[in-house]
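What follows is a single structure, written as C-alpha cells, with notes after it.
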Amino acid sequence: AQSVTQLDSQVPVFEEAPVELRCNYSSSVSVYLFWYVQYPNQGLQLLLKYLSGSTLVKGINGFEAEFNKSQTSFHLRKPSVHISDTAEYFCAVRASGGSYIPTFGRGTSLIVHP
Amino acid sequence: DSGVTQTPKHLITATGQRVTLRCSPRSGDLSVYWYQQSLDQGLQFLIQYYNGEERAKGNILERFSAQQFPDLHSELNLSSLELGDSALYFCASSGSLAGGLDTQYFGPGTRLTVL
C-alpha cells in the first residue's frame, strides 16, 4: 500500500514570493505522483503528474514539482505566487501497476496575502 | 470546467433517510470514481466503476452503494444516514483517449448535510 504525508497543513505567503509545498510518500513499489488543486467551492483539478522520465515536472499555472526517489519526496514549487493561487493543494500517489486508485494526502492550504 | 457534472449541488436531509447522488462523466470516459471529503478524514476513495462494472472498492460503508448505467452515468446511494455522513461527495472520471487513464477529472461535488 502507498501513503502520502503533506508536511504542512497551512502555508501562508505574501504575493510574488516563492513557495514550496512539501509532500513525502511511502511505497514498496514504483509509483506515479500527482498534485491537485482545489479552489474554494470547486472540485479537484490536476496541476501536474510524474509518471516517468525527467524528475522535474512542469504543470499548469507556473507550478513545477521535482520527484526525488531517494528522499521519497515530490515537493511542489512556484517561484512567484499570486492571490489567485490561494487554494487547497493535494499530493497523491498510486502504484505504477495495478489499479488506478490514488491515495491522497490530507492537503495543504496555501494562503497568499497581498 | 472539468466536463464532469454532479447533481444536486447541495442536499440537506435528516438522519435515517436515503439519498441518491448523480454523476455524469466526461464524454468518452468509461471510469467513474466516488470520493468522500470531510474535515476529519480528508479525501477518501469510496468506489470505482469501469464501463458498468465495479472495479475497485475503498472505504465504502455497507449503507452506501453505487452503480454505473449503460449510458455511463453513475449514482451513489446513501441510506440510513447518520450525522457523520455529512461531507462533500466528489465524482471523478477517467479513461478518455485524450487524457489517458491516469488523469482523473473531478466534478464540483455534492455537499451533503445530515441534520
Side-chain angles (χ1 to χ4, degrees), chain A residues 1-10 21 23 25 27 29-53 57-61 65 67 74 87-109, chain B residues 1-7 9-10 21 23-26 29-51 53-60 66 87-96 98-111:
Chain A
Q2 293 73 47
S3 66
V4 178
T5 302
Q6 291 186 242
L7 298 160
D8 306 296
S9 59
Q10 207 172 78
L21 305 184
C23 171
Y25 70 92
S27 176
V29 299
S30 297
V31 296
Y32 296 151
L33 293 152
F34 309 82
W35 275 100
Y36 283 85
V37 60
Q38 183 180 25
Y39 297 106
N41 301 314
Q42 294 186 29
L44 279 70
Q45 177 185 1
L46 183 68
L47 267 180
L48 49 80
K49 60 184 177 182
Y50 171 78
L51 302 182
S52 64
V57 181
K58 293 191 183 298
I60 62 171
N61 301 339
F67 171 55
F74 190 55
E88 194 81 14
Y89 291 80
F90 294 91
C91 181
V93 63
R94 58 151 279 220
S96 59
S99 77
Y100 295 107
I101 311 303
T103 298
F104 287 84
R106 294 301 300 268
T108 296
S109 179
Chain B
D1 185 358
S2 66
V4 177
T5 60
Q6 289 186 249
T7 57
K9 285 187 179 179
H10 302 276
L21 312 183
C23 168
S24 293
R26 290 188 338 144
D29 282 358
L30 299 176
S31 207
V32 169
Y33 311 77
W34 285 98
Y35 292 88
Q36 180 193 59
Q37 185 180 38
S38 62
L39 282 175
D40 53 343
Q41 296 289 329
L43 192 64
Q44 298 284 317
F45 166 70
L46 296 177
I47 197 164
Q48 177 203 9
Y49 278 82
Y50 181 84
N51 203 20
E53 294 189 5
E54 182 183 305
R55 284 292 289 262
K57 229 170 182 178
N59 301 321
I60 188 166
L88 258 175
Y89 290 85
F90 286 108
C91 167
S93 73
S94 72
S96 161
L101 287 173
D102 277 309
T103 299
Q104 293 190 15
Y105 296 88
F106 282 75
T110 293
R111 182 172 292 280

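Within every chain, numbering begins at 1; the chains are lettered A, B, ... in the order of the sequence lines, protein sequences first and strands thereafter.
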Heavy-atom distances under 4.5 Å only: say whether A/Leu44 touches chain B with side chain, backbone, both or neither.
both
Tell me whether the NZ or CZ atom of B/Arg55 lies within the 45° cone about the ring axis of B/Tyr50 and under 6.0 Å from its centre.
yes
Comparing A/Gly107, A/Gly105, A/Ala92, A/Gly43 against chain B, the one with the most heavy-atom pairs below 4.5 Å turns out to be A/Gly43
Hey, which of B/Cys91, B/Gly42, B/Ala92 has the most heavy atom pairs under 4.5 Å with chain A?
B/Gly42
Between A/Phe34 and A/Phe74 (judged by ring centroids, cut-off 6.0 Å), do the two rings come close enough to count as a pair?
no
From CA spacing to verdict: side chain to side chain donor-acceptor pair (under 3.5 Å), B/Gln104, B/Tyr35:
CA-CA 12 Å; B/Gln104 293 190 15; B/Tyr35 292 88; 2.8 Å; yes
Please classify the contact between B/Asp1 and chain A as side chain, backbone, both or neither, with a heavy-atom cut-off of under 4.5 Å.
neither
Quick check on B/Ile47 against chain A: is it the side chain, the backbone, both or neither that has a heavy atom closer than 4.5 Å?
neither
Assess the side chains of B/Gln48 and B/Ser31: does a donor N or O sit below 3.5 Å from an acceptor N or O?
yes
Report the C-alpha separation of B/Tyr33 and B/Ser94 in whole Å, then their side-chain angles, then the decisive distance to 0.1 Å, and conclude whether the side chain to side chain donor-acceptor pair (under 3.5 Å) test is met.
CA-CA 8 Å; B/Tyr33 311 77; B/Ser94 72; 2.8 Å; yes
What part of A/Gln45 is in contact with chain B, defined as an atom under 4.5 angstrom from a non-hydrogen atom: side chain, backbone, both or neither?
neither
Apply side chain to side chain donor-acceptor pair (under 3.5 Å) to residues B/Thr103 and A/Lys49 and explain how you reach the verdict.
CA-CA 9 Å; B/Thr103 299; A/Lys49 60 184 177 182; 2.8 Å; yes
For B/Gln6, is it the side chain, the backbone, both or neither that has a heavy atom under 4.5 Å from a heavy atom of chain A?
neither
